[in-house]
**Q** 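Sharing a structure, written as structure tokens. Questions coming.
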Amino acid sequence: GRGGAGGRRDASPAPTTAALGPRGLCSKTPPIPVDPVLFGVEIPKGSNIARGKIQLILSTAKKLRHCEILAPFDDALLAQLASCGTVQRHQPNEMIFRQGSFAEALYIVIKGAVRLQRDTQLGPYVLGTLDRGDLFGERSLLEPAERTLDAVAETRVELVTLDLAQLRRVAESQPSFEMADRKSVV
């Protein structure tokens, strides 16, 4: 990938986040068919909040299609995965997470590039650069742990951030989700 240590900003602004919670934001409806019951959401007539939540989940699911490891997932499973996440945007050289911080999420690069680096006595050592469709932070899926490296936005970046606790709950409640996840890891 691309190299270079780049500058580090300690006082970086908070990332822009669109949460997929009960007050999710509206977005254009992507061309993925969905049954609202799949999410356990009943849409009352005239309710824009529930529709907005479903539209945001579907929009995020469409973005997840770019991740090769998620190729075995059908649209319904991608939508369930997307319901565990948020969309974040970071500016160049903005810290996504720091070495030593507790791992609570995994990330999928939607746009831009992310630099993975480790702090050393001589300064940051660049391990690699991730691009569109790459997933990182997955080590924490196996067991809760501290981050072993820094993730820094190399360029303007858009990520889907998947909350590990929510991801585990979905996997426990959906056997098909767990099976698809196993297929994607093999």
Side-chain angles (χ1 to χ4, degrees), residues 1-30 32 49 52-71 73 78-79 81-141 144-167:
R2 290 171 223 103
R8 186 186 273 211
R9 295 189 309 185
D10 291 323
S12 56
T16 305
T17 304
L20 297 174
R23 291 176 225 159
L25 305 173
C26 293
S27 62
K28 292 184 179 178
T29 305
I32 298 175
I49 294 174
K53 178 180 178 179
I54 290 173
Q55 289 173 345
L56 185 58
I57 289 170
L58 293 175
S59 174
T60 303
K62 183 178 177 185
K63 292 175 182 191
L64 293 176
R65 269 281 163 234
H66 300 295
C67 184
E68 187 177 325
I69 198 167
L70 301 179
F73 286 48
L78 279 178
L81 186 62
S83 73
C84 299
T86 59
V87 176
Q88 292 186 342
R89 292 173 183 85
H90 296 271
Q91 296 302 313
N93 295 314
E94 188 176 335
M95 189 67 63
I96 297 165
F97 60 73
R98 288 195 181 283
Q99 183 175 327
S101 63
F102 188 73
E104 297 175 338
L106 63 95
Y107 304 84
I108 299 169
V109 181
I110 303 304
K111 293 180 186 171
V114 174
R115 182 175 63 247
L116 301 179
Q117 61 190 34
R118 185 166 286 142
D119 287 333
T120 70
Q121 292 177 342
L122 301 174
Y125 175 76
V126 176
L127 299 166
T129 302
L130 304 175
D131 300 299
R132 181 180 185 197
D134 289 333
L135 181 138
F136 64 102
E138 71 280 2
R139 179 175 177 252
S140 56
L141 278 174
E146 288 185 357
R147 301 283 185 195
T148 59
L149 46 79
D150 293 336
V152 182
E154 176 102 353
T155 63
R156 288 175 46 168
V157 173
E158 181 177 323
L159 305 169
V160 172
T161 303
L162 300 173
D163 179 88
L164 292 173
Q166 289 182 27
L167 206 53

**Q** What are the two closest non-hydrogen atoms of F136 and A151, and how far apart are they?
**A**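 The answer is CE1-CB, 3.7 Å.
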
**Q** Give, for atom CG of L81 and atom CG of L64, the distance between the pair rounded to the nearest 0.5 Å.
**A**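 If I round to the nearest 0.5 Å, the distance is 5.5 Å.
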
**Q** For the OG1 atom of T120 and the CD atom of Q99, what is their distance to the nearest 0.5 Å?
**A**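 Separation between the atoms: 9.0 Å.
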
**Q** Give the minimum heavy-atom separation between A82 and A61, together with the two atoms involved.
**A**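 Smallest interatomic distance, heavy atoms only, reads CB-N, 3.6 Å.
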
**Q** For the CD atom of Q117 and the CE atom of M95, what is their distance to the nearest 0.5 Å?
**A**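 Answer for the CD-CE pair, Q117 versus M95, is 6.0 Å.
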
**Q** Taking S59 for its side chain and Q55 for its backbone only, find out whether a donor-acceptor pair lies under 3.5 Å.
**A**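 Looks like no, no N/O pair under 3.5 Å.
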
**Q** Can you check whether A113's main-chain N or O pairs, donor with acceptor, with T155's side chain at less than 3.5 Å?
**A**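 It does hold such a pair.
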
**Q** Heavy atoms only: give me the nearest R118-T148 pair and the separation to one decimal.
**A**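 R118 and T148 have their closest heavy atoms at NE-O, 3.0 Å.
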
**Q** Please report the interatomic distance CG(L135) to CG(L162), rounded to the nearest 0.5 Å.
**A**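 Between L135 CG and L162 CG, I get 7.5 Å after rounding to 0.5 Å.
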
**Q** Side-chain contact, heavy-atom cut-off 4.5 Å: R98 with R147?
**A**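 They are not in side-chain contact.
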
**Q** Could you check if a side-chain atom of L106 sits within less than 4.5 angstrom of a side-chain atom of L164, using non-hydrogen atoms only?
**A**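 A side-chain contact under 4.5 Å exists here.
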
**Q** Could you state the interatomic distance from CG (L116) to CZ (F97), rounded to the nearest 0.5 Å?
**A**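 Between L116 CG and F97 CZ, I get 6.5 Å after rounding to 0.5 Å.
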
**Q** Distance from I110 atom CD1 to R89 atom CZ, nearest 0.5 Å?
**A**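 Rounded to the nearest 0.5 Å, the CD1-CZ separation comes out at 10.0 Å.
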
**Q** Is the shortest side-chain heavy-atom distance between I108 and L70 below 4.5 Å?
**A**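 Yes, at least one pair of side-chain atoms sits under 4.5 Å.
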
**Q** Can you check whether D134 reaches V114 side chain to side chain, under 4.5 Å on heavy atoms?
**A**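 Answer no - side chains too far apart.
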
**Q** Would you mind reporting whether N93 and R115 have side-chain heavy atoms less than 4.5 Å apart?
**A**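 A side-chain contact exists here, since the closest heavy-atom pair is under 4.5 Å.
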
**Q** Do P92 and R156 come close enough that some side-chain heavy atom pair is under 4.5 Å?
**A**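 Touching, per the 4.5 Å side-chain cut-off.
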
